[in-house]
Amino acid sequence: MFDVAIIGFGPTGAVAAGLLGLQGIRTFVCDELTEVYDKPRAIALDHEIMRVFQQLGIAQALEPFMEPFTNSEFYGVDGQLIKCMSTVAPPYPLAFSPSLVFTQPAMEKLLRERVGGMSSVQVELGCKVTGLQQSDDAVTLTVADAQGQTREVSARYLIACDGASSFARKQVGIELQDLGFDEPWLVVDVLVNNKGLAKLPKVSVQYCEPQRPCTYVIGPKNHRRWEIALNPGEDPQAMATPEATWKLLSRWLQPDEATLWRQASYQFHALVAKDWRHKRVFLAGDAAHQQPPFLGQGMCQGIRDAANLCWKLADVLQGRASDALLDSYGTERKGHVTELTSRIKGIGQLVGQRDVQKARERDARLLAECGGQVKPMPRQNVQPALVGGCLDGSGHAAVGTLFPQAWIEQATGPVRMDELLACGWRLLLQTGAEAAFSQAAAHAHPGLNLRVQGLNAPGFQESSGVLEAWFERMGCQAALVRPDHYVYGAFNTAQDLQAALLALRP
């Protein structure tokens, strides 16, 4: 019997398998496809996801396939700039460029190679799950190979990463909630030659035009993407043909200036699973949620799911926590996904306003709000904090937010903080606070394996200043950080820290 079975070896399933494999969890992962899909679907990721890739050991290998995300400029009815989304200024809070574009097939190949080299992970491709049953202590899958031969695979827990039409979700009877967004769009990926590149915008653009809203994204190297709203009466399949696609692109490009890489019609949805756990089955990725692509968060959300769930599964399976910890997964992730999807939906509705009068009112309102001077707003400001679940209940502003990652000076040069402290439970202490909090830290139960680190302690001199700035901004002396880098609690007294550590005892 395996500890965890995973259905689906896309980005979410592969990250989940990798994170479990790092901890020696016996993991089975399967997928119907034998090869990585050779065309891009996701195009954007952020520094939180790069931090997960850093943990998996593939961040450096990914660098040739990524570039910083340009600003996104929003243009209104009469072609005027009405809004701009950007990235935060250096020093970067997680030691990576906060917003990136990337080439998905190359990233997935690196992920699969990394997972394939893990001794505790068994990968089977070209096989389909045709049955799912649960008992009090296991999940049993019926798995059919390419020749139709079936066998049973059992595991203590199952993560369903099997996409929007998830077999596992349907088998356990979990319904999706509609968050109220349903629009047909055409997504076009293009490889542009030098002649075409010379004509195109130098930043990404949201064309907030009632007659046909459109998004233009600058991908890595010569990869460009358009997301184009379809109008009433247009047949989605017909609009995805090369002939129809080139007509839509004629505003920007001619066929001799680029090569079509992918064109596909989608019904953009905003959906979230009512429940994220049914006994021993957990949903993750598109099986649990779907959102419009206006901030490029679809894949990121799935990887956040994996990062949130896998450290909890490892703690339960290795006896450091009770099964009740796993209930916090759905609480935290459903709340985060629902709130972020609502914010993404708001951006989509801003871009996609079809009523000309209302669109002009939108333009006037946005320009009035900024005093006629559009200022870039970092995309990271859209990210909500986690609420509820495995978090301290103090209500401190830092709780449920991502703790920063600084560059730390070493004899051989600066390294990212996680390379030194790893990714378990960590207690970070403001300079000079070690004496006041060290005794309280001793109340952590041994299974927490708590790493205590003071700022500017010997061997821990930060070069970027992001930790000092964070503690000053948050007004705290101590930060208790979870394995997924979210702040469990922030404290100014040893008594409050001690109480929090006692609450974490299983």
Original post:
Could you walk me through whether Gln405 and His47 pass the side chain to side chain contact (heavy atoms under 4.5 Å, CB included) check?
Top reply: CA-CA 10 Å; Gln405 174 174 221; His47 53 181; over 6 Å; no

Original post:
According to the side-chain hydrogen bond (donor to acceptor under 3.5 Å, both in side chains) rule, which pairs have a member within residues 172-184, sequence neighbours left out?
Top reply: Glu175-Lys274, Gln177-Lys334, Asp182-Gln267, Asp182-His269, Glu183-Trp185

**OP:** Taking all non-hydrogen atoms of both residues into account, name the closest pair between Thr401 and Ala398 and its distance.
**Re:** OG1-O, 2.6 Å

Original post:
Within the side chain of Gln353, is there an N or O that forms a donor-acceptor pair under 3.5 Å with the backbone of Asp355?
Top reply: yes

Pairs of donor and acceptor atoms involving the side chains of residues 358-365, under 3.5 Å and at least two apart or interchain, shall be tabulated with distances.
residue: Arg360; atom: NH1; partner: Asp78; partner atom: OD1; Å: 3.1
residue: Arg360; atom: NH1; partner: Asp78; partner atom: OD2; Å: 2.5
residue: Glu361; atom: OE2; partner: Gln357; partner atom: NE2; Å: 3.4
residue: Arg362; atom: NH1; partner: Leu350; partner atom: O; Å: 2.7
residue: Arg362; atom: NH2; partner: Cys208; partner atom: O; Å: 2.9
residue: Asp363; atom: OD2; partner: Val77; partner atom: N; Å: 2.8

**OP:** Check the surroundings of atom NZ in Lys345: do more than 12 heavy atoms from other residues, nucleotides or ligands lie under 6.0 Å from it?
**Re:** yes

**OP:** Please name the pair of heavy atoms, one in Gly330 and one in Trp276, separated by the smallest distance, quoted to 0.1 Å.
**Re:** CA-CB, 3.8 Å

Original post:
Is it true that Arg212 and Glu234 have a side-chain N and a carboxylate O under 4.0 angstrom from each other?
Top reply: yes

Subject >> Shortest non-hydrogen contact between Gly18 and Met118, atoms and distance >> reply: O-CE, 3.3 Å

Subject >> Shortest non-hydrogen separation from Leu197 to Asn222 and the atoms involved >> reply: CD1-CB, 4.2 Å

Original post:
Got a sec, which pairs hit ring pair (Phe, Tyr, Trp, His ring centres under 6.0 Å) with one end in residues 63-114, sequence neighbours left out?
Top reply: none

Original post:
How many angstroms lie between atom CE of Met239 and atom CD1 of Ile228, to the nearest 0.5 angstrom?
Top reply: 8.0 Å

**OP:** Using modelled atom types only, decide if a donor and an acceptor are shared between the side chain of Gln134 and the backbone of Arg280 within a distance under 3.5 Å.
**Re:** yes

Original post:
Which one of Tyr216, Trp226, Trp246 satisfies the ring-ring contact (aromatic ring centres under 6.0 Å, His included) criterion with Trp252?
Top reply: Trp226

Subject >> Atom pair CD (Glu67) and CG (Leu100), whose distance is rounded to the nearest 0.5 Å >> reply: 9.5 Å

Original post:
Is there a donor-acceptor pair closer than 3.5 Å between any side-chain N or O of Asp46 and the backbone N or O of Ile49?
Top reply: yes

Original post:
In terms of side-chain geometry, is the basic nitrogen of Asp189 or Lys39 positioned less than 4.0 Å from the acidic oxygen of its partner?
Top reply: no

Original post:
Asn308 side chain to Arg333 main-chain N or O, any donor-acceptor pair under 3.5 Å?
Top reply: no

Original post:
Yes or no on side-chain hydrogen bond (donor to acceptor under 3.5 Å, both in side chains) for Thr142 and Glu152, after CA distance, side-chain angles and deciding distance?
Top reply: CA-CA 5 Å; Thr142 302; Glu152 291 188 341; 4.5 Å; no

**OP:** Could you tell me whether a side-chain N or O of Thr70 sits under 3.5 Å from a main-chain N or O of Ser204, the two making a donor and an acceptor?
**Re:** yes

**OP:** May I ask you to decide if Gln290's main-chain N or O and Asp286's side chain share a donor-acceptor pair within less than 3.5 Å?
**Re:** no

**OP:** Could you tell me whether the side chain of Lys128 reaches within less than 4.5 Å of the side chain of Cys30, counting heavy atoms only?
**Re:** no

**OP:** Say whether, by atom type as modelled, one donor and one acceptor occur between the side chain of Arg277 and the main chain of Lys279 under 3.5 angstrom.
**Re:** yes

**OP:** Determine yes or no for a side-chain-to-main-chain donor-acceptor pair under 3.5 angstrom, with Thr341 supplying the side chain and Thr338 the backbone.
**Re:** no

**OP:** Verify salt bridge (charged side-chain N to carboxylate O under 4.0 Å, His left out) between Glu257 and Lys199, making sure each step is shown before the conclusion.
**Re:** CA-CA 10 Å; Glu257 296 167 336; Lys199 298 168 56 177; 2.9 Å; yes

**OP:** Measure the spacing between CG of Asp256 and CG of Asn193 and express it to the nearest 0.5 Å.
**Re:** 7.0 Å

Original post:
Are Glu73 and Lys202 ion-paired here, with the side-chain N under 4.0 Å from a carboxylate O?
Top reply: no

Subject >> Salt bridge Glu48-Arg304, side-chain N to carboxylate O under 4.0 Å >> reply: yes

Original post:
Under 3.5 Å, is there a donor-acceptor pair between the side chain of Thr27 and the main chain of Ile25?
Top reply: yes

Original post:
Heavy-atom distance under 4.5 Å between the side chains of Phe9 and Leu125, does that happen here?
Top reply: yes

Original post:
Once the angle between the rings of Phe294 and Phe181 is folded into 0 to 90°, is it parallel (under 30°), tilted (30 to 60°) or perpendicular (over 60°)?
Top reply: perpendicular

**OP:** Could you pull out the closest heavy-atom pair between Leu94 and Pro404, with the gap in Å?
**Re:** CD2-CA, 3.7 Å

Subject >> Rounded distance (nearest 0.5 Å) linking atom CG of Leu56 with atom CZ of Arg114 >> reply: 7.0 Å

**OP:** Answer yes or no: does atom CD of Gln80 have more than 12 heavy-atom neighbours from other residues, nucleotides or ligands under 6.0 Å?
**Re:** yes

Original post:
When rounded to the nearest 0.5 angstrom, what is the spacing between CD1 in Ile159 and CZ in Phe282?
Top reply: 8.0 Å

Original post:
Taking all atoms of both residues into account, what is the closest heavy-atom pair of Ser265 and Gln237, and its distance?
Top reply: OG-N, 4.4 Å

**OP:** Flag the pair Trp311 / His485 as yes when their ring centroid distance falls below 6.0 Å, and as no otherwise.
**Re:** no

**OP:** Apply the test side-chain hydrogen bond (donor to acceptor under 3.5 Å, both in side chains) to residues Gln383 and Arg343: give CA-CA distance (whole Å), side-chain angles for both, the deciding distance (0.1 Å), then the verdict.
**Re:** CA-CA 9 Å; Gln383 288 288 346; Arg343 298 179 186 189; over 6 Å; no

Original post:
What's the verdict on side chain to side chain contact (heavy atoms under 4.5 Å, CB included) for Val481 and Tyr486, showing C-alpha distance, side-chain angles and the deciding distance?
Top reply: CA-CA 6 Å; Val481 183; Tyr486 280 85; over 6 Å; no

Original post:
Atom CD of Glu124 and atom CD of Glu32: how far apart are they, to the nearest 0.5 Å?
Top reply: 13.5 Å

Original post:
So, does Arg112 use its side chain to make a donor-acceptor pair with the main chain of Ala14 at under 3.5 Å?
Top reply: no

**OP:** May I ask you to say whether Arg482 pairs ionically with Glu332, meaning some side-chain N is under 4.0 Å from a carboxylate O?
**Re:** yes

Subject >> Test log, rule side chain to side chain contact (heavy atoms under 4.5 Å, CB included), inputs Arg51 and Met417 >> reply: CA-CA 11 Å; Arg51 200 173 185 180; Met417 182 182 79; 3.6 Å; yes

